[in-house]
Structure formats: structure tokens, C-alpha cells
Amino acid sequence: MTVGIPGEFTGAISYGGYPTFFKEDAIYRVYGDYPSEYSVITSNCRGVQKGSYRSLAVVGDYLFYKSPSTVVVYDGSSPSSISEQLGREVNFYAGVGGGCLDKYYIKLENMAVTPYYFVYDMTYGIWEKEDALDFKFFSGSENGQMFACTSTEIIGLGITDNYLYLTPLVGEEWVNWYAETGQLGLEYPDFKYVSRLTLRAWIPHTSEITISIS
């Protein structure tokens, strides 16, 4: 089969039972059960960034990947950006991703090849920035367990951390963690403003929480 459009392919995956191919600016889905029925449906939209083919991962019913500009989620119709919270100060490349238990794990690099590691929780629509581990690839998810590989380690992710060695990762006695919202209230028309913010939090015994408002 031919597509008749120039440009190299940047990624491929089976999604929803159909072979799905990508260029940076297009998505191609192959339909049909045998050669005489094969057809290609082309969508001119954000495809997979060159060099980020390993970012492709199916999580639940959705496909995640790194496009040339943002991280996107694809439901079979059109991709939608989900990485606005990561900011625009850094341009990311070389995405490596995996999916497990409604979470999308992705390692990215900046232009200086410095690794960044993020986890997107589909349930709450929240990004978490983790310690910058230089993952080379993620395995598939099996019964809530997934593995990630660096140059020297295999790390367990999911419901049973490090299940491969039957020894859980050592916990930390004290962990600093923070969440930061975007700007609130500036988009309201007609001089409307936010008059109150309500925060509900659950923290373990002896833990502390500090709230800062700018």
C-alpha cells in the first residue's frame, strides 16, 4: 500500500485492533481483514515527534504519545494536548513512555539531553514530576505490573514495586512534595474575581502542609 504523501514515518503501534502509523503531521490507520479489502484512512493532525516513537503507549482505551510540540492523548478521532501543566520553558524530545493502571509514564529530554520523568494520572488529570531516571524503554503492563529499564537497572512499577527481585524499593522517612496550580481568576470577564479558595487535604500523622498564595 502507498500513501502518496512525502515524509518519513516516525512511529507505529496497534491501537484498537488496527495498525496505526504516524508521521510528525499525520496519522494513518489501516482497515480491512485481507489484502483486497485493505484501506488507509489519513488524518492530518499532530503525529509522533521524530525520535519519540517509544513514547507510544496504550492506557485503558486511549493512546498516548509525544507529538512535535506536546504530549497528547488520542481516542481514534483526533489527538488532544495534555501537557500544558509542564510549562513552555523547556522543549522536550526523545520521549519514552509506558502505561499501567490508568497512569502514563514518560521520560523526556531537553536539548542538553538532560532527562525528565513525569507520570500522568488519568483519573485525576494530574501530572507528577518524579526523580529524573534515564529510562530507555518500558515493558507492557501485565496484571498491574510494569518494568522500566535504564542502562544498568530494571525497576518495577505498578501495584508491586520491584516484583522481579521480590524486594520492595526502600521507602524514605521524609519526603518533600508540592503541587502547584495555574493562574486562577484572570480569565473571568466583567471584573469578576475569586473571593474564596477552599483546600481539602489528607496528610499522615506528624506531616506538615504549607500553603503559599501569590
Side-chain angles (χ1 to χ4, degrees), residues 1-88 90-120 122 127 132-142 146-151 154 157:
M1 302 186 70
T2 60
V3 296
I5 301 175
E8 65 180 290
F9 287 98
T10 55
I13 195 172
S14 175
Y15 174 56
Y18 301 101
T20 306
F21 297 85
F22 298 85
K23 295 182 180 181
E24 285 202 322
D25 57 357
I27 300 176
Y28 306 87
R29 305 202 74 186
V30 181
Y31 296 89
D33 295 326
Y34 47 91
S36 62
E37 286 190 351
Y38 289 162
S39 63
V40 177
I41 304 299
T42 302
S43 300
N44 294 316
C45 55
R46 285 172 291 188
V48 173
Q49 180 185 49
K50 183 178 179 180
S52 292
Y53 63 94
R54 287 195 178 99
S55 68
L56 286 159
V58 176
V59 188
D61 298 325
Y62 299 93
L63 177 63
F64 291 78
Y65 59 88
K66 175 66 173 67
S67 77
S69 56
T70 61
V71 179
V72 301
V73 57
Y74 176 64
D75 61 1
S77 56
S78 61
S80 301
S81 175
I82 59 170
S83 60
E84 289 81 3
Q85 296 92 332
L86 303 184
R88 300 180 181 274
V90 180
N91 293 322
F92 293 113
Y93 307 92
V96 179
C100 182
L101 296 176
D102 289 333
K103 291 185 177 182
Y104 177 60
Y105 301 76
I106 184 169
K107 188 271 297 188
L108 299 164
E109 295 178 357
N110 62 10
M111 294 187 66
V113 199
T114 302
Y116 294 77
Y117 175 38
F118 302 100
V119 180
Y120 179 73
M122 293 179 57
W127 282 99
L133 299 174
D134 191 11
F135 291 128
K136 304 303 181 183
F137 63 85
F138 292 86
S139 73
S141 175
E142 183 70 23
M146 181 174 70
F147 298 99
C149 179
T150 69
S151 298
I154 297 177
L157 302 169

Check step by step if side-chain contact (heavy atoms from CB on, under 4.5 Å) holds for Lys23 and Ile5.
CA-CA 10 Å; Lys23 295 182 180 181; Ile5 301 175; 4.2 Å; yes

Step by step, would you call Phe22 with Tyr65 a ring pair (Phe, Tyr, Trp, His ring centres under 6.0 Å)?
CA-CA 11 Å; Phe22 298 85; Tyr65 59 88; 5.1 Å; yes

How far apart are the C-alpha atoms of Glu109 and Asp134, what are their side-chain angles, what is the distance that settles it, and do they pass the side-chain contact (heavy atoms from CB on, under 4.5 Å) test?
CA-CA 9 Å; Glu109 295 178 357; Asp134 191 11; 4.1 Å; yes

Is there a side-chain contact (heavy atoms from CB on, under 4.5 Å) between Leu63 and Leu56 once you walk through the steps?
CA-CA 7 Å; Leu63 177 63; Leu56 286 159; 4.1 Å; yes

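Taking the side chain as every heavy atom from C-beta outward, Tyr93 and Gln49 approach each other to under 4.5 Å. Here the side chains of Ile13 and Val58 are in contact, with some heavy-atom distance below 4.5 Å. Side chains of Leu157 and Phe147 form no contact here, defined as non-hydrogen atoms less than 4.5 Å apart. Using a 4.5 Å cut-off on side-chain heavy atoms (C-beta onward), Cys45 and Pro79 make contact. Using a 4.5 Å heavy-atom cutoff, the side chains of Tyr62 and Met122 are in contact.
Looking at Trp127, its side chain does come within 3.5 Å of a backbone N or O of Ile82 through a donor-acceptor pair. At least one donor-acceptor pair closer than 3.5 Å links the side chain of Ser52 to the backbone N or O of Gly95. Proximity of a side-chain donor or acceptor of Thr10 to a complementary backbone N or O of Val48 within less than 3.5 Å is detected. Under a 3.5 Å cut-off, the side chain of Ser83 and the backbone N or O of Leu86 do not form any donor-acceptor pair.
Taking every heavy atom of both residues into account, Lys66 and Val71 meet most closely at CD-CG2, 4.0 Å. Minimum interatomic distance between Gly99 and Ser141 (heavy atoms only, all atoms of both residues): O-CB, 3.3 Å. Across all their heavy atoms, Arg54 and Lys136 have their closest contact at CD-O, 3.4 Å. Here the shortest heavy-atom pairing between Met146 and Ser139 reads CG-O, 3.3 Å. Minimum heavy-atom separation, Val72 to Ser81: CG1-CA, 4.0 Å. Across all non-hydrogen atoms, the minimal contact from Ile106 to Ser55 is CD1-CB, 4.3 Å.
More than 12 heavy atoms of other residues, nucleotides or ligands lie within 6.0 Å of CE in Met1, so this atom counts as buried by the packing criterion.
Note on Arg46 versus Glu24: no salt bridge recorded, every NZ/NE/NH1/NH2 to OD/OE distance being 4.0 Å or above.
Checked against Tyr104 for a ring pair (Phe, Tyr, Trp, His ring centres under 6.0 Å), the options Phe118, Phe64, Tyr117, Phe138 give a single hit: Phe64.
Separating the CZ atom in Phe21 from the OG1 atom in Thr42 is a distance of 12.0 Å, to the nearest 0.5 Å. One finds the OG1 atom of Thr20 at 8.0 Å from the CD1 atom of Ile27 (value rounded to the nearest 0.5 Å).
Classified by interplanar angle (parallel below 30°, tilted 30° to 60°, perpendicular above 60°), the ring pair Tyr74/Tyr15 is tilted.
Listed by first and then second residue, the ring-ring contact (aromatic ring centres under 6.0 Å, His included) pairs involving residues 25-57 are Phe9-Tyr28, Tyr18-Tyr31 (not counting sequence neighbours).
Annotation: Tyr120 is not in aromatic contact with Tyr105 [ring centroid separation under 6.0 Å not met].
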